[in-house]
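See below for the structure under consideration.
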Amino acid sequence: MSADTEKMTQKLMAELGIANPEPALVERLEGQFSSVILEVLLRRVPEEKLSELQEKFDADDPGLEEFVAEIAAGVPGLAQEIEAAVAREYEMLRSFMKKTD
């Protein structure tokens with residue numbers, strides 16, 4: 001999940017014209033995007049995959065992204081639901097951060 005959350009955070013920072021964001025801000029935004037992805041996954045992942053997902057997530061397993069992609073491929077509409085949830089979060093954060101400039 002980290003690559004996607006990093007890309008979304010970088011895109012948001014660039015769109016808002018923030019060239020050198022504070023590391024704490026970057027970490028918080030990446031965490032927010034990860035939380036959105038995890039929330040959708042937990043609602044839609046088959047029960048038999050939950051413990052493995054939890055283990056990989058807790059261990060910050062480098063194979064987590066690949067595992068999530070495999071799950072998404074096997075659950076109809078999951079990838080689209082994740083994309084939509086992340087896009088909504090992105091727009092909400094963008095709107096909020098523009099207002100606080």
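Rounded to the nearest 0.5 angstrom, Arg94 CZ and Leu16 CG are separated by 8.0 Å. Interatomic distance, CD1 of Ile82 versus CG of Leu38, reported as 9.5 Å (0.5 Å rounding). Atoms OG and CD, from Ser34 and Glu39 in turn, are 12.5 Å apart once rounded to the nearest 0.5 Å. Atom-to-atom distance recorded for Glu30:CD and Asp4:CG is 11.0 Å, nearest 0.5 angstrom. Atoms CD and OG1, on Glu89 and Thr5 in that order, are 12.5 Å from each other to the nearest 0.5 Å.
Across all non-hydrogen atoms, the minimal contact from Val86 to Val36 is N-CG1, 3.9 Å. Residues Leu93 and Gln32 come closest through the heavy atom pair CD1-CG, 4.2 Å. Nearest approach of Pro76 to Arg44, heavy atoms of both residues: O-NH2, 2.6 Å.
Here the side chains of Leu53 and Leu64 are in contact, with some heavy-atom distance below 4.5 Å. The shortest side-chain heavy-atom distance between Lys49 and Val75 does not fall under the 4.5 Å cut-off. Inter-residue side-chain proximity for Arg43 and Glu81 is flagged as met; some heavy-atom pair is nearer than 4.5 Å.
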Please report the C-alpha distance between Glu15 and Lys11 in whole Å, then the side-chain angles of each, then the deciding distance to 0.1 Å, and finally whether the salt bridge (charged side-chain N to carboxylate O under 4.0 Å, His left out) criterion is met.
CA-CA 6 Å; Glu15 189 173 325; Lys11 179 181 174 187; 5.4 Å; no

Under the side chain to side chain contact (heavy atoms under 4.5 Å, CB included) rule, what do Phe33 and Thr9 come out as? Steps first, then yes or no, please.
CA-CA 8 Å; Phe33 287 123; Thr9 300; 3.7 Å; yes

From CA spacing to verdict: salt bridge (charged side-chain N to carboxylate O under 4.0 Å, His left out), Glu91, Arg88:
CA-CA 5 Å; Glu91 288 303 319; Arg88 283 190 303 273; over 6 Å; no

What's the verdict on side chain to side chain contact (heavy atoms under 4.5 Å, CB included) for Leu78 and Leu41, showing C-alpha distance, side-chain angles and the deciding distance?
CA-CA 8 Å; Leu78 179 59; Leu41 279 173; 3.9 Å; yes

Take Met97 and Leu25 through the side chain to side chain contact (heavy atoms under 4.5 Å, CB included) test and state the conclusion after the steps.
CA-CA 11 Å; Met97 291 177 77; Leu25 175 61; 4.1 Å; yes

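By the criterion of side-chain heavy atoms lying less than 4.5 angstrom apart, applied directly or through intervening Ile, Leu, Val, Met, Phe, Trp or Tyr residues, Leu29 is not grouped with Met92; the two fall into different hydrophobic clusters. One hydrophobic cluster, built from ILVMFWY side chains closer than 4.5 Å, holds both Phe67 and Phe57.
Summarising the local packing, CD of Glu22 is surrounded by 12 or fewer heavy atoms from other residues, nucleotides or ligands at distances under 6.0 Å. Around atom CG of Asp58, more than 12 heavy atoms belonging to other residues, nucleotides or ligands sit under 6.0 Å away. In the displayed structure, Glu70 atom CD is contacted under 6.0 Å by more than 12 heavy atoms of other residues, nucleotides or ligands.
Without hydrogens or angle criteria, Ser35 side chain to Gly31 main chain gives a donor-acceptor distance under 3.5 Å.
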